[in-house]
Structures are given as C-alpha cells and as structure tokens.
Protein chains: 2
Amino acid sequence: MRQPQQDRSRATRQRLLESAIEALAELGWAGSTVAVVAERAGVSRGAAQHHFPTREDLFAAAVEYVGDARRSWTREHSADLPSGPERTRAVVDLIVRLYTGPLFRAALHLWVAATSDEQLRASVVTLEAHLGREQHKLALELLGVDESVPGVRETVQATLDMARGLGLANLLTDDGKRRAGIIDRWAEILDATLNVRT
Amino acid sequence: MRQPQQDRSRATRQRLLESAIEALAELGWAGSTVAVVAERAGVSRGAAQHHFPTREDLFAAAVEYVGDARRSWTREHSADLPSGPERTRAVVDLIVRLYTGPLFRAALHLWVAATSDEQLRASVVTLEAHLGREQHKLALELLGVDESVPGVRETVQATLDMARGLGLANLLTDDGKRRAGIIDRWAEILDATLNVRT
DNA sequence: CACAAAACAAGCACGCGTGCTTGCTTTTGG
DNA sequence: CCAAAAGCAAGCACGCGTGCTTGTTTTGTG
C-alpha cells in the first residue's frame, strides 16, 4: 500500500472502517451489509467497493482496525489510574470496561462470525493472539505484579477471562450493578492473593 | 399443544431440534438454514416447515431445547463429584466444562444472533435469566457455601463469569492446557477465599 | 490548459434462503 | 373398512445481498 496522495480517499476509507465496526456492534455480522456500512459512512456502495473489492476485504481490514482501536483505547485510559490502595479496583474496572464497550461488542460479532468463515478466522486468531498477549502484559504492569511468582500468571489470566465473561453477560441485558459488585469483590481477592506491591 | 398420538411425529420434531442446535454449534446462525437443519435431521424441508411454520418458530423452540439440554447435562454430571479436598477443583472444572461444550457454543451463537433479532432476544433473555439463577444456586450447593456470608455471592458469580469467558476464549482456538492451569489456580483461590466447608 | 488516472455513483444479473402452494402417503377415528 | 386429518415431499415465486460493469466527477500532472 502506497501513501495515498488524496486525503479524501484516506478519510473515506477511515469512515468506512469506523462505520463497519459501528454497524457490527449494533447490527451484528449478518446485518452489516456493505450497503449499510456504505450508507453509514455517507458514501455510495460503489465507493465502498472501490476501497474494498469484496466484503471479505472490508471486514479483514475492520479486524485490524478494531484491534488498533482497542489498543489505543487501553493505552489512553490506562494513563490516569490512582496509585493508592484503590488502584487494584480501578485496574480491574478498566479491564472490565475494555470488555464491555462497543469495541468488544464488535469484536465478539467478529469472533462468532469467524467460527464459520475460514478466511475471517485466520485474521481474527492472529489478531487476538497478539492482542491477548499485550493485554496480559499490560495487566501485569498495571497491577504491578511479577509473573515469575507461581500462580500470578494464572490469576491475571483468570481476571482477563472473567472480564470477557462479564462482557458476554452484558450483551443482551445491562448488567451494571451486578458487575460493580463483582469487580469490588474481585479487587479484594486480587489484593489478598497477590499483594506484592509496595 | 396436545399430546401427539404419533411417536413418529415427536421423534421427527426431536431430531429437528437436535439438528438445529448441532448446526448452530458448527455452522453458526447464518449457516443454520432450515434446509441444512432439515437435511441433518433426515427430513425434507417441507416436513420441517410442517412442525415449525417459520424459521423463528424453529429456533425459538431450539432456545428452550438448548436450555433443557444444559440443565440435564449439569444435573447428570454433578452427581459424581468427589467429596475430599479436591472437590472444589472438580466443581470448578464441571462449571467450566459446561461453558466449553457444544451446548454452550450453540447458546453463544443464539446470544449474538439475539442481539439483532428482537423476537429471539426475548426468548433468550428469559431463558438465560432462569438458567443463570439455577446455575448460581447449583454452584452454591455444589461448593457447599452460604450465600448470606458477604462476598460469597459475588465470588460465585465471578466464577460463573470466568467460566463464560473461558468458553469464549475456547471458541476459535483449543485452549485446553491454558484452561487447566487457570482452573487449578481458581480452585485454590476459592478454597482460600470461602473456606467454610467442614 | 489538457489529459490521464483515480474516486465515486448507478444499475444489472446471479445465487440463495425463505415462505407458500400443491400433491402424495400414513395414521386415526367412526 | 372408509373417510378425514395429519405427516411429509417437491416445486415455485419473491426479496435481498453480493459482485460486476458502465458512466460521471474530481484530482494530480505534463
């Protein structure tokens, strides 16, 4: 891919991608028609097809895009975290919010769609492998714990998996209050389990 | 619904439902065409349509069916659990297996499909509300803990949510070894956190 | 200023899944 | 034993989404 001289083209492509993940989160895989995505982006179907010849191409790019978006969201929000005793709770909350936002919804639709689409599956598993490792490292860092201590690795992974599960539970019904209690409790458990911070 | 005099009809309906959730787990929502389901059940499309006039009717019934199946699966497997110190680990393993089997895969496809289908959504949320409560009560019972103790409720719910998350992670890639370590660790944490058993 | 290439718009044909209709077979009840 | 009803098979029409082709506008360059 060479550098597009037209900013307009870039902007259109960008909007197409944003509309794609937006539609994915709202309407699901089957509902995210190229026509729908194009309409949301404010361009014609032909224009969308110009940028992404086939539907597969569009959503393959969308996979990358949603990965980047989740990455930057995490980076953005992990900046301002308290450092006192309530840090653990804040970190858990951040992680859970990562898995309950619209980006995760889009990613979830991508996952299940990838179940029955070989092409998509390949894109998604490689992305999720990278992303998963990154999130794990970030969680270690934010919690200020050492992975070499036995049990820590599994505990952190369990935290991430629990966050995924909470996100899943939040799919159909708003789960806010139940979630808050669980986050509180889990933060307590984490502090009691791997309290090796200064 | 009156009692069907023909066993044959009942059997056909049964096979239709089983094929539906089987197709759901393997091919996903969009791939589970009524033609596909009918073919898997060994009946014609018209026969399927005779039992379930519309596709919605078929999968509405499938929602009930997968709920019953998960219920009976749990009941069936919760019978033979050890009672020694390794019971906690066995219980956690059982719960996680409930969320990693084909039944959960089918349910997951149902969930995400229900995201963009109002009819289906209604069926799924009511089912999941009941089922969730049941699983929670069962988990309390199997673990032998008292919900009135503060924190216990949240901890058990966290366990269920983590199981959901593990099931989700198991969607695209086989996750067996990683899962085993997390289950071990989780059982340790549970024992340390809510050890009120004799 | 002109020309070429890219971006974009609009329309068309094909495949496919659903729902309906028609005809046949088997079972149930009088 | 016969008629009515239910179970079941096969075919058809409609809607819709995708991919392709053609035509128009905009952008960058000699």
Side-chain angles (χ1 to χ4, degrees), chain A residues 1-20 22-24 26-63 109-110 113-114 116-120, chain B residues 1-20 22-24 26-63 109-110 113-114 116-120:
Chain A
M1 182 192 300
R2 74 164 202 279
Q3 50 175 353
Q5 289 119 342
Q6 283 96 331
D7 289 348
R8 183 170 158 213
S9 180
R10 281 192 51 139
T12 301
R13 185 188 163 92
Q14 172 92 354
R15 268 182 311 177
L16 240 17
L17 253 19
E18 283 173 0
S19 301
E22 189 183 309
L24 220 42
E26 288 182 24
L27 311 171
W29 175 255
S32 296
T33 293
V34 292
V36 170
V37 173
E39 188 186 7
R40 283 176 172 241
V43 300
S44 78
R45 268 196 20 181
Q49 192 156 22
H50 177 78
H51 287 277
F52 306 99
T54 172
R55 189 180 129 104
E56 273 180 17
D57 295 324
L58 172 59
F59 283 99
V63 169
H109 284 287
L110 245 17
S116 33
D117 186 315
E118 213 48 49
Q119 305 265 347
L120 196 63
Chain B
M1 183 192 297
R2 76 166 199 276
Q3 48 174 352
Q5 287 118 343
Q6 283 99 324
D7 289 348
R8 185 172 158 210
S9 179
R10 281 194 53 137
T12 301
R13 186 188 163 91
Q14 172 92 353
R15 269 182 312 176
L16 240 16
L17 253 18
E18 283 173 1
S19 301
E22 190 184 309
L24 222 40
E26 288 180 26
L27 311 171
W29 174 256
S32 295
T33 293
V34 292
V36 170
V37 173
E39 188 186 10
R40 283 176 172 239
V43 300
S44 78
R45 262 195 17 162
Q49 193 157 21
H50 178 79
H51 288 276
F52 306 99
T54 172
R55 188 180 131 102
E56 273 180 18
D57 296 324
L58 172 59
F59 283 100
V63 168
H109 283 286
L110 244 17
S116 33
D117 185 315
E118 212 47 50
Q119 305 267 346
L120 196 63

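Every chain is numbered from 1 and lettered A, B, ... according to where its sequence line falls, protein lines coming before strand lines.
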Item to check | Nearest-Å distance for atom pair CZ/C1', residues B:Arg10 and C:dT28 | outcome: 18 Å
Item to check | Donor-acceptor pair under 3.5 Å, A:Arg45 side chain vs D:dG19 base | outcome: yes
Next on the checklist: From CD of B:Glu56 over to P of C:dG17, roughly how many Å is that when rounded to an integer?
Outcome noted: 18 Å
Checklist entry - To the nearest Å, how far apart are B:Glu39 CD and D:dC8 C1'? => result 17 Å
Checklist entry - At under 4.0 Å, does any side-chain N or O of A:Thr33 touch on OP1 or OP2 of D:dC16? => result no
Next on the checklist: Can you tell me which nucleotide in C:dA9, C:dG19, D:dT18 comes closest to the side chain of B:Thr54?
Outcome noted: C:dG19
Next on the checklist: Tell me if the CD atom of B:Glu22 is crowded by more than 12 foreign heavy atoms within 6.0 Å.
Outcome noted: yes
Item to check | Presence of A:His50 side-chain N/O under 4.0 Å of C:dC8 phosphate oxygens OP1/OP2 | outcome: no
Item to check | Length of the CZ-P vector between A:Arg13 and C:dC8, whole Å | outcome: 12 Å
Checklist outcome for this item: Between CZ of B:Arg15 and P of D:dC8 the distance, given in whole Å, is 8 Å
Item to check | Check: B:Gln49 side chain, D:dC8 base, donor-acceptor under 3.5 Å | outcome: no
Next on the checklist: Measuring only between side-chain heavy atoms, which start at C-beta, is B:Thr12 closer than 4.5 Å to B:Arg15?
Outcome noted: yes
Checklist entry - Roughly, in whole Å, what's the span from CG in A:Leu27 to C1' in D:dC16? => result 16 Å
Next on the checklist: Could you tell me how far apart B:Asp117 (CG) and C:dG17 (C1') are, to the nearest whole angstrom?
Outcome noted: 15 Å
Checklist entry - Within the pair B:His51 and D:dA6, is there a side-chain N or O less than 4.0 Å away from OP1 or OP2? => result no
Checklist entry - C:dC20 C1' sits how many Å from B:Arg55 CZ, rounded? => result 18 Å
Checklist entry - Are A:Trp29 and B:Trp29 side-chain neighbours, meaning at least one heavy-atom pair lies under 4.5 Å? => result no
Checklist entry - Between A:Thr12 and C:dC8, is there a side-chain N or O to OP1/OP2 distance below 4.0 Å? => result yes
Checklist entry - Do A:Val34 and A:Val37 touch side chain to side chain, with heavy atoms closer than 4.5 Å? => result no
Checklist entry - Less than 4.5 Å apart, any side-chain heavy atom of B:Leu27 and any of B:Arg40? => result yes
Checklist entry - Distance check: side-chain N/O of A:Ser44 vs OP1/OP2 of C:dC8, anything under 4.0 Å? => result no
